[in-house]
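Okay, so here's the structure we're looking at.
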Amino acid sequence: MNATVATQVASNSSIKANAIKASFPVRRMDFEFNQVPEYWMNGSAGLTHFMTALSALFPDGEKFFVDSVRAVRYHPLLKDNPAMQKEISAFIGQEAMHSKEHVGFNQSANAYGHDVASLERKTNTVIQTFRKGFVKLLKPVGITQEMIDLTATTALEHFTATIASQLLRNEEIQAKMTDETMYRLWMWHAVEENEHKAVVYDVFEAIHGRGIKAYGLRTSTMAIAMVVLLITQSYFAYRLLKQDGQFNAKSLGVIYKYAYSFKHGIITGMLPELVDYFRPGFHPNDHDTNALLARWKEKLGFNTH
Ligand SMILES: [Fe+2]
Ligand SMILES: [Fe+2]
């Protein structure tokens, strides 16, 4: 091939790559949290602090997700797949925007005297402790830092997609989100978690396949990640309630009702989909949320995207 033809071929393939679009958009959001009331969730300290404890996990948690995927995006099995590269870029764009907006909300909770800043720092400590601890333990059997980070992100992305689809389905929880800004923040985030729910899983599968080693890696990581996440989030909720003088039967009662009870609980509602991750052959898109997303995108005015 002479130089002119080679240039032509290269430019044709880059035109082709540019014509490929991600299957979901990156929406630029800029919420204003100044007017958000202290107890924005139905005036309830219990529910507000429960959700704020979740929000404290996001800035560093989602940065970890982005870093884990960035570290492998040019893996030989991915670098020449323009469709996958577009999905990864859009995934990174959405998660970066989620981090930014949750930082904004967390600062507004901090301004009320709730020490979310120290919880954000603790999130980072938990992430770094576990990722570095596991690589020390597993390096001798050939498990690398990149594998641990990507596998943990794959598991946690299923968790976020599942809690997000519960938020989009659970009308009792939605009715408790009485502040319009916070309602839109959580529902926008929930929509996007479901839009990009397969990206990290597909990256994991492209690199590690569907064999017994990949299955063992992803399921054992999920079991550990769930325990760490639920303990950390519960501890954060406890800290916020305690510091606020609201650690009492009333707060614990509403948290139980809306998070853990069989009838209303957002966490208990997640169990079937969470457990499905342990099924050999599982894929995030096995849980069809297209109709749910279409409804919510219309409700939130995202139909232009
Ligand atoms: Fe997110
Ligand atoms: Fe996500």
Side-chain angles (χ1 to χ4, degrees), residues 22-31 33 51-73 84 86-106 116 119-120 123-124 126-127 131 149-168 177 181-205 218 221-222 225-226 228-229 232-233 236 266 270 273-274 277 282-287 289-290 292-293 296-297 300 302 305:
S23 61
F24 52 90
V26 178
R27 301 178 182 89
R28 307 281 157 201
M29 307 303 269
D30 200 9
F31 290 101
F33 295 105
M51 296 303 280
T52 305
L54 257 183
S55 183
L57 296 166
F58 287 135
D60 285 88
E62 300 196 295
K63 182 181 179 302
F64 167 67
F65 298 170
V66 166
D67 290 345
S68 304
V69 175
R70 268 208 183 113
V72 298
R73 74 176 296 178
M84 188 72 106
K86 293 281 179 183
E87 294 289 287
I88 291 171
S89 295
F91 162 79
I92 290 172
Q94 285 196 339
E95 293 294 29
M97 194 55 65
H98 301 166
S99 280
K100 170 183 160 294
E101 293 305 316
H102 279 274
V103 164
F105 161 65
N106 292 351
V116 188
L119 303 183
E120 288 180 346
T123 302
N124 190 43
V126 170
I127 292 168
R131 63 188 286 273
D149 294 348
L150 180 65
T151 314
T153 299
T154 308
L156 289 164
E157 273 288 284
H158 181 55
F159 177 90
T160 52
T162 308
I163 196 167
S165 71
Q166 283 298 308
L167 266 183
L168 297 174
M177 295 198 177
T181 303
M182 294 309 288
Y183 171 81
R184 287 188 68 83
L185 170 79
W186 285 102
M187 295 306 156
W188 156 70
H189 194 166
V191 163
E192 294 197 348
E193 285 306 321
N194 275 277
E195 284 179 329
H196 72 230
K197 67 182 176 181
V199 176
V200 184
Y201 196 92
D202 288 340
V203 167
F204 173 84
E205 214 170 71
R218 75 172 176 83
T221 306
M222 175 58 113
M226 284 312 91
V228 174
L229 180 70
T232 308
Q233 190 271 346
F236 284 4
I266 187 159
M270 291 170 66
E273 270 184 51
L274 269 187
Y277 190 80
F282 161 87
H283 187 275
N285 289 341
D286 295 343
H287 300 273
T289 44
N290 286 339
L292 185 69
L293 282 182
W296 273 99
K297 282 195 271 188
L300 296 170
F302 294 161
H305 300 298

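Counting starts at 1 for both ligands and their atoms, following the listed order.
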## Note on the structure
So, leaving waters aside, the tally of protein N/O/S atoms less than 2.8 Å from the Fe ion (ligand 1) stands at 5

### Message
Tell me which N, O or S atom from E157 is the closest to the Fe ion (ligand 2).
### Response
OE2

### Under 3.5 Å: donor-acceptor pair, side chain of E101, backbone of L185
no

### Message
Among residues at least two apart in sequence or on other chains, which ones pass salt bridge (charged side-chain N to carboxylate O under 4.0 Å, His left out) with R131?
### Response
D149

### Query
Do any N or O atoms from the side chain of E87 and from the backbone of S23 form a donor-acceptor pair under 3.5 angstrom?
yes

#### Entry: Residues forming a side chain to side chain contact (heavy atoms under 4.5 Å, CB included) with D202, sequence neighbours excluded
M84, A198, H283

### Query
Below 4.0 angstrom, N of the basic side chain to O of the carboxylate: do E192 and R27 qualify?
yes

### Task
Check whether any side-chain N or O of H189 sits under 3.5 Å from a backbone N or O of A164 as a donor-acceptor pair, and report yes or no.
no

Donor-acceptor pairs under 3.5 angstrom involving side-chain atoms of residues 52-60: please list them, not counting sequence neighbours.
unit_1	atom_1	unit_2	atom_2	d
T52	OG1	T48	O	2.7
S55	OG	H102	ND1	2.8
S55	OG	N106	OD1	2.6

### Query
With the Fe ion (ligand 2) as the point of reference, which N/O/S atom of H196 is the closest?
NE2

